[in-house]
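First comes the structure, then the notes that go with it.
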Amino acid sequence: MEFRHLGRSGLLVSEISYGNWITHGSQVEEEAANECVKAALDEGITTFDTADVYAGTRAEEVLGRALKGLRRESLEIFTKVYWPTGPGPNNRGLSRKHITESINGSLRRLQTDYVDLYQAHRFDYTTPLEETLKTFDDLVRQGKVLYVGVSEWTADQIAQALKIADDMGFDRIVSNQPQYNAIWRVIETEIVPLSEEEGVSQIVWSPIAQGVLTGKYLPGQAVPAGSRATDETGAKMIDRFMNDDVLTRVQELKPIAADLGLSMAQLAIAWVLQNPNVASAIVGASRPEQVRDNVKAAGVKLDAAVLKQIDDVLGPIIERDPAKTVSPATRP
Ligand SMILES: NC(=O)c1ccc[n+]([C@@H]2O[C@H](COP(=O)([O-])OP(=O)(O)OC[C@H]3O[C@@H](n4cnc5c(N)ncnc54)[C@H](OP(=O)(O)O)[C@@H]3O)[C@@H](O)[C@H]2O)c1
């Protein structure tokens, strides 16, 4: 495993991290979840990403049990706050009240005294940004959170947060967690240049487009048994990539991966890691063999000719519009 700094901070994260959205507490049984976590640890992954909202808070519990008993100092545990964790109007968003209650719930479920990175899962237009950032800063001072970051914030929102932090002497955000893969490149024009200048890393989600970039979904054919596309929640999430144009073009990546001696998943993960602003690719897995396949993308270099071949194949299906980075206008 190789490690990269998280933004302009002293924290090192594994280039490939393990995330448990849709899987733990939901699509996969606890035994499979434990096997995936074990495979991740065996392969040198030290960074684990979850969120309070995943599987209605059960995902944090499953991860907490799977990591229990390990040396806490050997792990980086990331979680998030924003999406609803209860029925009430204050059980969501980035208010002082919800953040304070949510971190306490996350720490209890994860069975740890602190998380290494605490992330605002979206931008909350209904809470003053100063209130959110002051609360985050308080959590850092209380030792419940070591670093703070955001997820799916626009370049403007990240810039505003950094300015407030600098003016008020708050802890600065060190990371953004956007969707990023060879098809979905919306961070490249605005977010990445700002982040490079400001010492903010991307820790990216869906680096293999939820499994689509493995090439296992064939155009015009039934989806493979047990895959995310067969899961009720998963099917809705993966739908954005499930059309014949995308699936046909993805098949054309197979010879490129084969020439390099890489699996399709390794090619997709290596692709996001070529961007030096990416500190880590967060991969999900429903089976341990997937983790063992994916982890081999660490340290792989792709030359300019290969990157051009990939661009030529995916061409018209590549999404680059920065306006696709959005948070709900009102609290969800
Ligand atoms: N911040 C946010 O808003 C946000 C949003 C989404 C995700 N995330 C984070 O990012 C993490 C990763 O997202 P993701 O799960 O969408 O990422 P992904 O790595 O693109 O997709 C993971 C899924 O692809 C399939 N897969 C993985 N490796 C494979 C392989 N080698 N061969 C074949 N299939 C393979 C598995 O699904 P099946 O086996 O079921 O097909 C697996 O669950 C999440 O767990 C979460 O931590 C964050």
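We count ligands from 1, going down the list as the structure has it; atoms in each ligand are counted the same way.
In this structure, the ring of F136 has its center no less than 6.0 angstrom from the ring center of F170. Taking the six-membered ring where the residue is Trp, the centroids of W83 and Y54 are separated by 6.0 Å or more.
In this structure, a donor-acceptor pair under 3.5 Å is absent between the side chains of D52 and S106. Side-chain contact, R320 with T189: no donor N or O sits under 3.5 Å from an acceptor N or O.
The hydrophobic cluster of V62 has no other members, since no ILVMFWY side-chain heavy atom comes under 4.5 Å of it.
Ligand 1 is surrounded by G19, N20, W21, T23, Q27, D49, Y54, K80, H121, R122, S151, Q177, W205, S206, P207, I208, A209, Q210, G211, T214, K216, Y217, G226, S227, R228, A265, I282, V283, G284, A285, S286, Q290, D293, N294, each with at least one heavy atom closer than 4.0 Å.
By the 6.0 Å and 45° rule, R228 does not stack over the aromatic ring of Y217.
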